[in-house]
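Indexing begins at 1, ligand by ligand and atom by atom, following the structure's order.
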Amino acid sequence: MSPKTADLHVHTHLSDGTFSPQEVVSYAKKIGLSAVAITDHDGVGGIEPAMEFSKNNQVEVIPGVELTAEDEKSEIHMLGFFIDWKQEWFLEKLGKLRQVRLSRMKEMIEKLNEAGFNLSLEELLKESGPTNAAGRLHLAQLLLKKKYVSCIEEAFKKYIGDKAPYYVKKINLSYQQAIEMILKIGGLPVLAHPHLLHRDELIPAFVNAGLRGIEVYHTQHQNKISKYYERLAKKHNLLITGGSDCHGSGKGRILMGEVKIPYQLVEKLKEAKKKLNGK
Ligand code: AMP
Ligand code: FE
Ligand code: FE
Ligand code: ZN
């Protein structure tokens, strides 16, 4: 039997993926994963349906989230694993974050329209399907559909990427608050795709704020980048995670399966979770 593997970063259509929670589980099963973490942006609606469906599918569903924090320079994505996601205060806080998300999408559309685009929030919401966390990937998909761009990457590069002219900051959540929220909900805070963030100088500050791990393996981390972050994780005594950041077909091709981490890393997370809860 081949060794057990996991993918600890997957989106469903309850954020900006295209797969339903059930499709995520089926796909994970098809490609032979033993465990998959559902990590939607600022929402946890995909966890329960995936768990329910996975009962008969022998794929372990790990409850997770990817919170969007920011500072003056960048958007900072903070993953939380093994969260006790049902607590009322947490659901309320996520709801508020998603409201800010929506007003920010409105602002981005207004800014684009002022520059001559012809877009509406209604179209965006139609494009974004069942989610209540519309975001920039949906806007990129709309720009593609309306032929303003010829691929998703172009939309981010020219128009809505973090450094592009029509980007609007949101969300008024600092990384300290994001880490604190994840700890308070009993989860392990892990820095998502540090190579995309490109702010390694902040890692000691993240650790001070309570960070427990780094996403060392990611579809956009080449081998030598992963090796580098593996060393950084060891240096700071952090857990190591990894995942595909699959958005279904939302970014073109299906990424699940491109990053498979050894299940032993999941076991390490579980040990850390036990310690966190003082068990
Ligand atoms: P938002 O949560 O609205 O800020 O949007 C974040 C989403 O946009 C995530 O799914 C990111 O992976 C995606 N994203 C950000 N920059 C890029 C990029 N340059 N190319 C493709 N997707 C991107
Ligand atoms: Fe996303
Ligand atoms: Fe992310
Ligand atoms: Zn993600």
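- Under the 30°/60° scheme for interplanar angles, the aromatic rings of Tyr159 and Phe117 are found to stand perpendicular.
- Atoms of ligand 1 found under 4.0 Å from any heavy atom of Arg136, numbered from 1 in the order shown, are 1 (P), 3 (O), 4 (O), 5 (O), 6 (C).
- Taking the six-membered ring where the residue is Trp, the centroids of His41 and His11 are separated by under 6.0 Å.
- The N, O or S atom of His9 with the smallest distance to the Zn ion (ligand 4) is NE2.
- Using a 4.0 Å heavy-atom cutoff, His138 is absent from the residues neighbouring ligand 1.
- Counting only heavy atoms of the protein, atom 8 (O) of ligand 1 lies nearest to Phe156 CZ, 3.3 Å.
- Atoms of ligand 1 found under 4.0 Å from any heavy atom of Gly135, numbered from 1 in the order shown, are 3 (O).
- Note on Asp245: its N/O/S atom closest to the Zn ion (ligand 4) is OD1.
- Two rings, from Tyr229 and His221, have their centers less than 6.0 Å apart.
- The distance from atom CG of Leu196 to atom CD of Gln220, rounded to the nearest 0.5 Å, is 5.0 Å.
- Here CD1 of Ile185 is found 7.0 Å from CG of Leu91. Values are rounded to the nearest 0.5 Å.
- Between His77 and ligand 1, a contact under 3.5 Å exists for no N or O pair.
- Among the atoms of His247, none of the N, O or S atoms falls under 2.8 Å from the Zn ion (ligand 4).
- Of all the atoms in ligand 1, the ones that sit under 4.0 Å from a non-hydrogen atom of His41 are 9 (C), 10 (O).
- Ionic pairing of Glu153 and Lys157 is not present here: no N-O contact between side-chain nitrogen and carboxylate oxygen is shorter than 4.0 angstrom.
- For the pair Leu188/Ile182, no side-chain contact is recorded, criterion being any heavy-atom separation below 4.5 Å from C-beta on.
- Distances from the Zn ion (ligand 4) show that His193 has no N/O/S atom below 2.8 Å.
- Residue-ligand proximity: Arg101 is placed with a non-hydrogen atom under 4.0 Å from ligand 1.
- Partner of Glu75 under the salt bridge (Lys or Arg N to Asp or Glu O under 4.0 Å) criterion, out of Lys169, Arg104, Arg101, Lys163: Arg104 alone.
- No other N/O/S atom of Glu66 lies as close to the Fe ion (ligand 3) as OE2 does.
- Between the choices Thr68, Leu139, Asp16, the shortest heavy-atom distance to atom 7 (C) of ligand 1 belongs to Asp16.
- Contacts between Arg104 and ligand 1, counted as non-hydrogen atom pairs separated by less than 4.0 Å, involve the side chain only.
- Near Glu75, the atoms of ligand 1 lying under 4.0 angstrom from a non-hydrogen atom of the residue are 4 (O).
- In terms of distance to the Zn ion (ligand 4), the nearest N, O or S atom of Glu66 is named OE1.
- Taking the charged nitrogens against the carboxylate oxygens, Asp84 and Lys273 do have a contact shorter than 4.0 Å, which makes a salt bridge.
- One side chain, Asp40 or Thr12, offers a donor N or O that lies under 3.5 Å from an acceptor on the other.
- Atoms of ligand 1 lying under 4.0 Å from at least one heavy atom of His247, given by number and element, are 10 (O).
- At the shortest separation from atom 19 (N) of ligand 1 among protein heavy atoms lies Glu153 OE2, 3.1 Å.
- Contact annotation for Lys251 and ligand 1: only side-chain heavy atoms (C-beta onward) come within less than 4.0 Å of the ligand.
- Checking Tyr27 against Gln22 by side-chain atom types alone, no donor-acceptor pair falls below 3.5 Å.
- Here His77 meets the criterion, with an N, O or S atom under 2.8 Å of the Fe ion (ligand 3).
- The pair Asp16-Lys251 fails the salt-bridge criterion, with no side-chain N (NZ, NE, NH1 or NH2) lying under 4.0 Å from an Asp/Glu carboxylate O.
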